[in-house]
Protein chains: 2
Amino acid sequence: MVNSDPPRGGRRPGATATRDAILAAAREAFFARSYEGATIRGIAAAAGVDPALVIHYFANKRGLFVAAMELPVNPGEVVGAAMRAPRAERGFALAKAALAAWESPGASEVIVALMRSAASDEAATAVLRDFFAAEVLAPIANAGGGGPEAMLRASLAVSHLMGVLFARFIVRIGPLADTDTATLAPLLGAALQTYLDGDAPEVQS
Amino acid sequence: MVNSDPPRGGRRPGATATRDAILAAAREAFFARSYEGATIRGIAAAAGVDPALVIHYFANKRGLFVAAMELPVNPGEVVGAAMRAPRAERGFALAKAALAAWESPGASEVIVALMRSAASDEAATAVLRDFFAAEVLAPIANAGGGGPEAMLRASLAVSHLMGVLFARFIVRIGPLADTDTATLAPLLGAALQTYLDGDAPEVQS
DNA sequence: GTCAGAATTCACCATGTGTTGAATTCTACG
DNA sequence: CGTAGAATTCAACACATGGTGAATTCTGAC
């Protein structure tokens, strides 16, 4: 009886892709349950691994979170590219780029997990704020001249993008969750265009 | 020594506004930390009360939550009133009404707490979805004719409102958090108007 | 003045959490 | 073969949480 059937401790045989398995399970858990809702024990179980191994690799829960939240695409580039479209089509370009980016697997998951966590965790809020400010807001504001009003307009555009994310992927409001990208893009683009061209609307209080 | 200084058990003297104090503390806690983050112990401490009293009044944490989330204003009416404005001004009217409603004390707190909690709790998600669908989406969609396209357009408008809430009160993106209602309303209104009037924008893929 | 019942607290319980430290087993290199 | 070190598990700690049940004290009606 040198080898009882399930090894009750120590290193497991075979190759060692465990770290990635943990990361994948963590991404899934953070996406589905947000930072506080996800548990190290649960993630470890999903990865078929002991909880202690998780913290052996990532030091603590927050370390695991930031490791799992590595973005697969660079949103700054995506937004910047859209801003290089002709002025009158930037809204549509931005809408199309954002919607397309969210469809690439892994991207929306990460952003949504970030938003979910930002809703309940103060530190995650700061991360998300910095992320949107640097990667999304800045390129849009710069394309609009960079002044304080361009900043405000860009913020409103970004808020709309966040709202679509929230409504489509978190709250899953019927029509928004079920409609395909191609149908959404022109509508969303027209609204965004409102912010991107400087002509103030003629309305009075 | 009939009365030692701090009464160590039993009923406290004086009038009994304790229930409301608990509710107020709960609202504040749910607003600041979302459902899972807020703790019965913390709420009880903030209200100067034993945790057991909280559950004596509200049965359990979820009961406390729904009791605390009673909305002080009826959003259906607010939205409905805005939709009775002349067609070309509905976007602006909706923006003004929403921004004004969020400024009345207690209103934004409740909605934001609901959004925060919806981000991590599946049940709260359902509550928020039903709330927005019935109170906000339906009036807008009806004003637009009620067809599936009006529904989609209304969803996009609602998503923008949620986005502004998220960016202004939760993530607190600089320009959005610091700008006053009067400046915001026309900009936001113009974008919303895009969704409210039916003429499709002329852009091609 | 009595007394039912409400308001309030106290002392616990069961559970789940992140995290730690030591132990065990495998791999790779000499 | 021997052995250093990595990979992995085990058992446990300290802590916080939501919740329970009994006890205590006050109030209001008769």
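Atom CD1 of B:Ile43 is separated from atom P of D:dT17 by 11 Å (rounded to the nearest Å). Going from atom CZ of B:Phe58 over to atom P of D:dG19 covers 13 Å, rounded to whole Å. Atom-to-atom, CG of A:Asp20 to P of D:dA7 comes out at 12 Å; the value is rounded to the nearest Å. Per the geometry, NE2 belonging to B:His56 stands 17 Å off P belonging to D:dA23, to the nearest Å. Look at CZ on B:Arg19: it is 14 Å from C1' on C:dA6, rounded to the nearest Å. Atom CZ of A:Arg33 is separated from atom C1' of C:dG16 by 14 Å (rounded to the nearest Å).
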Under 3.5 Å, side-chain donor or acceptor atoms of residues 42-49 of chain A against the rest of the protein: list the pairs with distances, not counting sequence neighbours.
none

Exercise answer: donor-acceptor pairs, residues 160-171 of chain A side-chain atoms, under 3.5 Å, sequence neighbours excluded:
| residue | atom | partner | partner atom | Å |
| --- | --- | --- | --- | --- |
| A:His160 | ND1 | B:His160 | ND1 | 3.4 |
| A:His160 | NE2 | B:Tyr195 | OH | 3.3 |
| A:Arg168 | NH1 | A:Leu176 | O | 2.8 |
| A:Arg168 | NH1 | A:Thr179 | O | 2.8 |
| A:Arg168 | NH2 | A:Thr179 | O | 3.4 |

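Residues passing the side-chain contact (heavy atoms from CB on, under 4.5 Å) test with A:Ala150: none are found, sequence neighbours excluded. B:Phe65 pairs by the ring-ring contact (aromatic ring centres under 6.0 Å, His included) definition with B:Phe30, B:Tyr35, not counting sequence neighbours.
In this structure, A:Thr18 reaches the D:dT8 phosphate: one of its side-chain N or O atoms is under 4.0 Å from OP1 or OP2. Contact annotation: B:Tyr57 side-chain N/O to C:dT8 OP1/OP2 distance is under 4.0 Å.
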Please enumerate all protein N or O atoms sitting under 3.5 Å from an N or O of nucleotides 18-20 of chain C, with distances to 0.1 Å.
| residue | atom | partner | partner atom | Å |
| --- | --- | --- | --- | --- |
| C:dG18 | OP1 | A:Lys61 | NZ | 3.1 |
| C:dG18 | OP2 | A:Ile40 | N | 3.1 |
| C:dG18 | N7 | A:Arg41 | NH1 | 2.5 |
| C:dG18 | O6 | A:Arg41 | NH1 | 3.4 |
| C:dG18 | O6 | A:Arg41 | NH2 | 3.2 |
| C:dT19 | OP2 | A:Lys61 | N | 2.8 |

Review point. Is there a side-chain hydrogen bond (donor to acceptor under 3.5 Å, both in side chains) between A:Glu103 and A:Thr181 once you walk through the steps?
Key: CA-CA 9 Å; A:Glu103 273 195 337; A:Thr181 293; 3.0 Å; yes
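Legend: salt bridge (Lys or Arg N to Asp or Glu O under 4.0 Å) pairs involving residues 110-124 of chain A, not counting sequence neighbours, sorted by first then second residue: A:Arg62-A:Asp121, A:Glu122-B:Arg172.
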